[in-house]
**Q** 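Dropping the structure in here first, questions after.
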Amino acid sequence: MIRNLYDHLNKQFGYDMFRIGQEEVITSVMEGKHTLAVLPTGTGKSLCYQLPGYLLKGIVIIVSPLLSLMQDQVEQLKINGEKRVTALNSFLDPRERNQIIQNLQNYRFIYTSPEMLTNNGVLQKLKQIDISLFVVDEAHCISQWGPDFRPDYLNLRTIRSELNNPTTLALTATATEDVRADIIEHLNLYDVNQLVYSVDRPNIALVVEEAANYSDKVKKLLQFVKQLQKPGIIYFSSKRLTEEMAALLRNNGIAQSAAYHGGMDREQRILIQQQFLHNQLQVICATSAFGMGVNKENIHFVIHFHMPYQLDSYLQEIGRAGRDGKKSIAILLYSPGDEFLPLQIFENELPSDYQIEQFYLLNNNSSDKASLLNLTEIQLRFLTYYQNKYDKSEVEKHVKRIRDMRIQYKQNKLNEMIKWVKSTTCRREGILHYFQEQKVNNVTDCCDVCGVDIINYQTAFQDTIRSQNENWRLMLKNLLIRGDEE
DNA sequence: CGAAACTCCTCTATAGGAGTTTCGGTGCGATAGT
């Protein structure tokens, strides 16, 4: 069997060796064990189900959180010569979609979303085919998004049971013990084989830099971005700021900068991401919308202008740096008061007592209720999702309880984040402690507490000269081309 | 919470100050209407 694995690794994917954890995960699912794998960012998680896909006789279903992620993976497999692969989602027009649903048994890999699986027609069809492996990619989304933002993630438990409990593989790069427990609970994975590898990325230095106020923060940001070895990502928690700062950077000599956030057109988002991947952009100013599925080797810094709402997200976001193994740096800018914005968001995103009471009292249709009670899309979905989970007489009580628990949960997560930002002990140890790990790697440029030599991360003098030359060449070329056109 | 956007007001001004309200991340799928 082991021999067989290596043969296929070589034949199908052209590799001679497995990366950390891959062989263990593959062996586990090949033995038919439900498996929860936490593999560090950038270790090639997709191979863990793609290779078994060639050895098992049935079909592999992959539940993925993003359409773009599905499209990428499908394309990748097609480039590798796989024809029996598809993404069943809303990109398809209704005719195509029906065609695929009618012919599901002919595929080897089917990518899809939790929302699509909730569609009864799709589920009925899936029940008729032989599924050898049910994969939940980016499985932390179950815990992070399921309870409010995308409740269909919580349906996966029922869907798995409807599909007769197929062998299941949950994959993620970050999961604390609680998140793992959440994943197991929501997928109903009794008897699960947990393969958990260290989340530590020793080549990423961790720095928290305190700024006195907003304008000081902007000043520091500019300074860092000018000096640091690019490409890099800057995270903000406001869409407006991503655009303002991208413009500010461009006006300050960092020409290849662009914004990216969820409010932009799909085409625009794809374009920016592609330009970044192909080194036509050096700096991306983004909200948390940017990053999942961004497999770029040479990202050398990740700066947080605002802190994320939990350490789990922080680790996901900085984990996009240094995949080439080179020294990279993560800098979090903090100024007093930064923590109030997320707290306020948590308190307002879910429905109020009044909204809950009225929603279950009124007999209007749901869109009328939404406008009457001034409900946001998320509030409406939250109220609707739990409506059928409880008896009418008790629903109000339970929904209030779930809301309070959810707010509390998010506040606790945020508090852990704040505690880490304000701590005066080793940052790496702090993060590893949060993930129930011990620090084992002896890191030279570890964190701002242990000491980091920022010069190691700055653009080398030679690089500056080279890129200036390139810029000149580019400018000349543009001038010449423009001259031709006119 | 704190910043920005909006509304209202002024000795009827087309500017600007005061007061008030809104907004702040994440995305699937279906639908309405070009």
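Chain letters run A, B, ... following the sequence lines, proteins first, then strands; residues in each count from 1. From a predicted model like this one, the values you see are computed outputs, not experimental measurements.
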**Q** Rounded to the nearest 0.5 Å, what separates atom CG in N106(A) from atom CD1 in I100(A)?
**A** 11.0 Å
**Q** Write out the stems for DNA chain B, ordered by first number and formatted as range with range, counting runs of at least 3 consecutive Watson-Crick or G-U wobble pairs under 3.5 Å.
**A** B:1-10 with B:15-24
**Q** Y434(A) and D312(A): side-chain donor and acceptor closer than 3.5 Å?
**A** yes
**Q** Could you identify which residues of residues 99-115 of chain A place a heavy atom less than 4.0 Å from some atom of DNA chain B, listed by residue number, or say none?
**A** S113(A), E115(A)
**Q** Mapping E349(A) and F91(A) onto DNA chain B by nearest heavy atom, which one lands closer to the 5' end?
**A** E349(A)
**Q** Could you state the CG-C1' distance from D93(A) to dG29(B), rounded to the nearest angstrom?
**A** 15 Å
**Q** Figure out the CZ/P separation between R381(A) and dT26(B), and round it to whole Å.
**A** 14 Å
**Q** Using a 4.0 Å heavy-atom cut-off, does L67(A) contact any base of the nucleic acid, only the sugar-phosphate backbone, or nothing at all?
**A** sugar-phosphate
**Q** Closest approach of L104(A) and K125(A), non-hydrogen atoms and distance?
**A** CD1-CG, 3.8 Å
**Q** Just distance, no hydrogens or angles: give the donor-acceptor pairs under 3.5 Å from side chains in residues 163-172 of chain A, sequence neighbours left out.
**A**
{"from": "N165(A)", "atom 1": "OD1", "to": "R160(A)", "atom 2": "NH1", "distance (Å)": "3.4"}
{"from": "N165(A)", "atom 1": "OD1", "to": "R160(A)", "atom 2": "NH2", "distance (Å)": "2.3"}
{"from": "N165(A)", "atom 1": "ND2", "to": "Y190(A)", "atom 2": "OH", "distance (Å)": "2.5"}
{"from": "T168(A)", "atom 1": "OG1", "to": "R160(A)", "atom 2": "NE", "distance (Å)": "2.7"}
{"from": "T168(A)", "atom 1": "OG1", "to": "R160(A)", "atom 2": "NH2", "distance (Å)": "3.3"}
{"from": "T168(A)", "atom 1": "OG1", "to": "P166(A)", "atom 2": "O", "distance (Å)": "2.8"}
{"from": "T172(A)", "atom 1": "OG1", "to": "H140(A)", "atom 2": "ND1", "distance (Å)": "2.8"}
{"from": "T172(A)", "atom 1": "OG1", "to": "T174(A)", "atom 2": "N", "distance (Å)": "3.2"}
{"from": "T172(A)", "atom 1": "OG1", "to": "T174(A)", "atom 2": "O", "distance (Å)": "3.3"}

**Q** Can you check the E96(A) CD to dG29(B) P distance for me, whole Å?
**A** 14 Å
**Q** Considering residues at least two apart in sequence or located in another chain, which fulfil the salt bridge (Lys or Arg N to Asp or Glu O under 4.0 Å) criterion with R108(A)?
**A** E82(A)
**Q** Just grab all the salt bridge (Lys or Arg N to Asp or Glu O under 4.0 Å) pairs involving residues 238-264 of chain A, residues at least two apart or on different chains.
**A** R240(A)-E244(A)
**Q** Going by distance alone, is a donor N or O of one side chain under 3.5 Å from an acceptor N or O of the other, for K296(A) and N298(A)?
**A** yes
**Q** Considering all heavy atoms of both residues, which atom of R150(A) and which atom of P114(A) are nearest to each other, and what is their separation?
**A** NH2-CD, 3.9 Å
**Q** Stacking between W145(A) and the base of dT26(B) (centre distance under 5.5 Å, interplanar angle under 30°)?
**A** no
**Q** Can you tell me the distance, in whole Å, between the CG atom of L69(A) and the C1' atom of dT26(B)?
**A** 14 Å
**Q** Counting heavy atoms from C-beta on, name the nucleotide in dG27(B), dA4(B), dT26(B) closest to the side chain of R150(A).
**A** dG27(B)
**Q** Under 4.0 Å between a side-chain nitrogen and a carboxylate oxygen: does that hold for D148(A) and R403(A)?
**A** no
**Q** When the distance from OH of Y153(A) to C1' of dT26(B) is rounded to whole Å, what number comes out?
**A** 12 Å
**Q** May I ask you to say whether K400(A) pairs ionically with E357(A), meaning some side-chain N is under 4.0 Å from a carboxylate O?
**A** yes
**Q** For atom CZ of R95(A), decide whether the heavy atoms of other residues, nucleotides or ligands shown that lie under 6.0 angstrom number more than 12.
**A** no
**Q** Would you tabulate the pairs of protein nitrogen or oxygen atoms and nucleotide nitrogen or oxygen atoms of nucleotides 30-34 of chain B closer than 3.5 angstrom?
**A**
{"from": "dA30(B)", "atom 1": "OP1", "to": "R97(A)", "atom 2": "NH1", "distance (Å)": "3.2"}
{"from": "dA30(B)", "atom 1": "OP2", "to": "R97(A)", "atom 2": "NH1", "distance (Å)": "3.1"}

**Q** Report which part of the nucleic acid R269(A) touches: base, sugar-phosphate, or nothing (heavy-atom distance under 4.0 Å, all strands).
**A** sugar-phosphate
**Q** Please find the pair of heavy atoms, one from L315(A) and one from I431(A), that lie closest to each other, and give the distance.
**A** CD1-CG2, 3.7 Å
**Q** Given atom CZ of F290(A) and atom P of dT26(B), what is their separation to the nearest angstrom?
**A** 13 Å
**Q** Does atom NE2 of H398(A) have more than 12 heavy-atom neighbours, drawn from other residues, nucleotides or ligands, at distances under 6.0 Å?
**A** yes
**Q** For N98(A) and dG29(B), what is the distance between atoms CG and P respectively, to the nearest whole Å?
**A** 15 Å
**Q** For a quick check of understanding: with a heavy-atom distance under 4.0 Å over all strands, which category does D152(A) fall into, base, sugar-phosphate or nothing?
**A** nothing
**Q** Table please: side-chain donor-acceptor pairs of residues 65-77 of chain A below 3.5 Å, with sequence neighbours left out.
**A**
{"from": "Q71(A)", "atom 1": "OE1", "to": "N89(A)", "atom 2": "ND2", "distance (Å)": "3.3"}

**Q** Distances under 3.5 Å between protein N/O atoms and the N/O atoms of nucleotides 19-24 of chain B, please, pair by pair.
**A**
{"from": "dG24(B)", "atom 1": "O3'", "to": "S237(A)", "atom 2": "O", "distance (Å)": "3.2"}

**Q** Which residues pass the side-chain hydrogen bond (donor to acceptor under 3.5 Å, both in side chains) test with N188(A), not counting sequence neighbours?
**A** none
**Q** Between dT14(B) and dT7(B), how far apart are the two C1' atoms, rounded to whole Å?
**A** 16 Å
**Q** Give me the distance, rounded to whole Å, that separates dG27(B) from dT21(B) when you measure between the C1' atoms they each carry.
**A** 28 Å
**Q** Given the C1' atoms of dC28(B) and dT34(B), what is the spacing between them in whole Å?
**A** 24 Å
**Q** Syn versus anti for dT14(B), judged by chi lying within 90° of 0?
**A** anti
**Q** Any non-hydrogen side-chain atom of D368(A) less than 4.5 Å from a side-chain atom of N365(A)?
**A** yes
**Q** Of the candidate nucleotides dA4(B), dT26(B), dC1(B), which contains the atom at the shortest distance from the side chain of R240(A)?
**A** dA4(B)
**Q** Quick check on contacts: within residues 372-380 of chain A, what sits under 4.0 Å from DNA chain B by heavy-atom distance?
**A** E377(A), I378(A)
**Q** Between dC8(B) and dT12(B), how far apart are the two C1' atoms, rounded to whole Å?
**A** 14 Å
**Q** What pairs of residues pass the ring pair (Phe, Tyr, Trp, His ring centres under 6.0 Å) test when at least one of them lies in residues 238-275 of chain A, not counting sequence neighbours?
**A** Y260(A)-F290(A)
**Q** Look at all strands and tell whether P65(A) reaches a base, only sugar-phosphate, or nothing, counting heavy atoms closer than 4.0 Å.
**A** sugar-phosphate
**Q** Atom CG of D137(A) and atom P of dC28(B): how far apart are they, to the nearest Å?
**A** 14 Å
**Q** By salt bridge (Lys or Arg N to Asp or Glu O under 4.0 Å), which residues pair with D200(A), not counting sequence neighbours?
**A** R428(A)
**Q** Looking only at atom P, what distance separates dG33(B) and dG29(B), rounded to whole Å?
**A** 22 Å
